Amino acid sequence: MTSDFDVVVAGAGPAGLATALALAQEGFATALIGEANAPYDGRTVALLDGSVQFLKALGVWERMADDASPMQIMRLVDATRSLFRPPPVEFSCREIKLDAFGFNIENVKLVAHLAAEAATRSNLTLFPVKVTGFSADDTAATVTLEDGRRLTAHLAIGAEGRNSPLRRAAGIGTKTWAYPQTAVTAILSHARAHNNASTEFHTRSGPFTLVPLPGNCSSLVWVNRPEEAERLAALDDTAFALAVEKRASHLLGAMQVAGPRGKVPLSGMSATPLTAKRLALVGEAAHVFPPIGAQGLNLGLRDGAALRDSLIKTRSAGQDIGSSVMLDAFGKARAADTALRTGAIDLLNRTLLADFLPTDFLRGAGLLTLSLLGPLRRMVMREGLTPSLNTPMQMRRAPSHSAADAM
Ligand SMILES: Cc1cc2nc3c(=O)[nH]c(=O)nc-3n(C[C@H](O)[C@H](O)[C@H](O)COP(=O)(O)OP(=O)(O)OC[C@H]3O[C@@H](n4cnc5c(N)ncnc54)[C@H](O)[C@@H]3O)c2cc1C
């Protein structure tokens with residue numbers, strides 16, 4: 001049977017857009033369904049090095065570079081008042097021979113740049129409507145649009161975020177959980193330079209993180225108990241900026257709100273398996289976890305980049321790109337990375353909330369060990385940026401650089 005497309009991607013958020021761009025670039029006839037939009041709530045994404053390499057390989061990085069700030073230092077400050085509080089720990093990208101760990105950019109700007117690029121690409125047909133249905137058989141995946149049109153493809157990709165209609169239609173199960181926390185987000189300007197440093201204060205209610213943006217601006221993710229988050233969200237801009245300045249121990253001097261503010265309740269979700277007949281999930285359609293440690297979209301972009309590699313391999317072998325062999329291999333490869341990141345973020349968050357001496361001791365000892373042992377610290381930094389196993393092709397740096405890194 002002839003399909004309309006090789007691949008249909010549902011959802012034009014950052015993961016769906018990047019995946020569609022990657023597949024179209026490789027000559028797959030690709031349809032992208034959905035309106036490109038993102039919440040305008042002060043949310044930014046810290047794109048780690050592998051993600052930046054991916055966006056460069058897609059030819060889209062140049063568009064957005066001026067809107068992004070490099071992150072060259074990552075500072076962790078234990079502000080729990082625990083008995084086993086370690087001194088602040090600083091990680092520098094120079095230690096692993098990089099110019100930056102990655103770049104921080106407003107989510108809305110990232111999506112706007114990806115969408116602008118998508119509109120220029122051959123092999124990529126845009127359908128700016130909602131997807132309402134999905135079915136699959138041995139020959140094709142069929143996706144129904146809200147205007148009644150039906151598109152067929154060898155493979156469908158669910159990238160419509162946490163409530164993915166394709167995932168539901170395929171009957172893929174999910175595990176969901178909630179945290180007693182809400183993240184308050186904002187963009188602020190400040191009197192002192194951030195020097196491209198991101199600072200994460202670990203508090204008993206969760207991390208309080210300031211991440212650099214271009215100029216003397218930073219984005220804030222302040223994870224708090226829900227009642228406290230409500231109180232902060234209700235403050236006017238002046239009182240809110242003062243509260244942030246105090247919580248940051250005046251690190252960046254006087255602050256002012258310089259963009260939108262938002263509030264996001266923290267929760268988690270894992271889909272299992274990550275595939276169904278002629279369907280693969282990427283991004284938050286597959287996994288959601290709290291905005292701690294800048295992992296969510298980086299993981300979502302790895303899903304897209306890994307799927308691109310799998311499809312190229314399958315096509316080169318002359319096989320059906322929507323085959324169960326391809327999907328099983330993709331699902332298995334992504335499950336390990338997803339489980340590792342979900343587990344690590346959950347553990348870190350829960351140890352902060354616990355207020356329990358033995359866990360405080362372990363967390364403190366872990367950070368202290370990292371600050372004292374250079375080789376271990378460098379290994380953790382590299383692994384945090386991109387996993388050493390199964391790194392997708394377009395996320396890898398040139399071999400000469402990797403050799404230098406290995407020192
Ligand atoms: C406060 C905060 C800070 C964060 N910081 C970071 C960070 O520093 N680094 C990081 O890597 N990650 C971060 N994340 C996580 C990151 O924002 C998400 O992982 C990412 O936005 C998910 O992208 P996505 O494309 O998978 O899903 P989404 O952004 O949810 O996009 C899904 C798209 O699908 C569309 N859609 C939904 N239903 C349909 C339908 N029926 N038909 C068609 N389209 C549909 C939606 O409108 C949307 O456009 C943060 C998250 C939060 C909340």
Side-chain angles (χ1 to χ4, degrees), residues 7-23 30-45 47 51 105-115 118 126-134 141 143-146 155-179 182-183 185 221 262-276 279-292 294-307 331 334 337-338 341-342 345:
V7 187
V8 171
V9 181
L17 278 160
T19 305
L21 282 167
L23 298 180
T30 305
L32 176 61
I33 306 166
E35 274 187 82
N37 55 30
Y40 183 63
D41 61 0
R43 186 182 310 188
T44 64
V45 277
L47 296 165
S51 298
I105 183 169
E106 275 185 70
N107 207 24
V108 275
K109 291 186 179 169
L110 170 68
V111 169
H113 286 303
L114 288 168
L126 307 179
F127 295 86
V129 291
K130 286 208 175 305
V131 62
T132 52
F134 166 78
V143 171
T144 313
L145 312 188
E146 65 178 343
L155 178 71
I157 299 172
E160 335 87 304
R162 64 170 64 209
N163 297 316
S164 167
L166 264 56
R167 186 189 70 220
R168 287 163 190 256
I172 295 178
T174 56
K175 185 175 147 209
T176 56
W177 61 98
Y179 298 90
T182 296
T185 55
V221 179
K263 198 164 46 98
V264 189
L266 296 204
S267 61
M269 188 280 293
S270 289
T272 319
L274 298 171
T275 61
L279 175 67
L281 301 178
V282 300
E284 288 203 342
H287 43 70
V288 178
F289 45 79
I292 297 172
Q295 294 292 326
L297 182 60
N298 288 292
L299 187 63
L301 294 179
R302 281 208 291 285
D303 298 336
L307 191 53
R334 295 310 304 143
D337 193 12
T338 303
R341 309 283 152 173
T342 308
I345 299 299

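Note that the structure is a prediction, hence the values are computed from the model and not measured.
- With a 4.5 Å cut-off on side-chain heavy atoms, P14 and L114 count as touching.
- The two residues R302 and R341 come nearest to each other via the heavy atoms NH2-NE, 3.4 Å.
- At a threshold of 4.5 Å between non-hydrogen side-chain atoms, the residues V264 and P291 do not count as touching.
- Looking at heavy atoms from C-beta onward, K130 lies out of side-chain contact with P165 at the 4.5 angstrom threshold.
- Between the CG atom of L166 and the CD atom of E160 there is a distance of 4.5 Å, given to the nearest 0.5 Å.
- The two residues A118 and L21 make their nearest non-hydrogen contact at CA-CD2, 3.8 Å.
- The main-chain N or O of N163 is found under 3.5 Å from a side-chain atom of R168 such that the two form a donor-acceptor pair.
- At a threshold of 4.5 Å between non-hydrogen side-chain atoms, the residues N37 and V111 do not count as touching.
- Nearest heavy atoms, A115 versus A36: CB-CB, 3.6 Å.
- Counting only heavy atoms from C-beta outward, the side chains of F289 and S270 never approach each other to under 4.5 Å.
- For R162 against M269, the heavy-atom pair with the smallest separation is O-CE, 4.2 Å.
- Side chain of R43 to backbone of N107: no donor-acceptor contact under 3.5 angstrom is found.
- For the side chain to side chain contact (heavy atoms under 4.5 Å, CB included) with S164, the qualifying choice from T174, L279, L281 is L281, the only one to do so.
- How far OH of Y179 is from CD1 of I292: 7.5 Å, rounded to the nearest 0.5 Å.
- The OG1 atom of T19 sits 6.0 Å away from atom CD1 of I157, with the distance rounded to the nearest 0.5 Å.
- For the side chain to side chain donor-acceptor pair (under 3.5 Å) test, residues two or more places apart in sequence or in another chain that qualify with T44 are N104, S219.
- Listed by chain and number, the residues in a side chain to side chain donor-acceptor pair (under 3.5 Å) with D303 are H287, R334 (sequence neighbours excluded).
- Nearest heavy-atom pair, L297 versus A15, reported as atom, atom and distance to 0.1 Å: CD1-N, 4.1 Å.
- To the nearest 0.5 Å, the span separating CG on D337 from CG on L299 amounts to 5.0 Å.
- Closest non-hydrogen pair, V131 versus A10, comes out as CG1-CB, 3.9 Å.
- Taking the side chain to side chain donor-acceptor pair (under 3.5 Å) definition, one finds that S51 meets it with N298, sequence neighbours left out.
- Contact check for L301 versus L47: side-chain heavy atoms found under the 4.5 Å cut-off.
- For T132 (side chain) and T144 (main-chain N/O), a donor-acceptor pair under 3.5 Å exists by modelled atom type.
- At most 12 non-hydrogen atoms from other residues, nucleotides or ligands lie less than 6.0 angstrom from CD of E35.
- One distance of note links CG of L17 with CG of L110; it measures 8.5 Å at 0.5 Å rounding.
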Verify side-chain contact (heavy atoms from CB on, under 4.5 Å) between V8 and F127, making sure each step is shown before the conclusion.
CA-CA 10 Å; V8 171; F127 295 86; over 6 Å; no

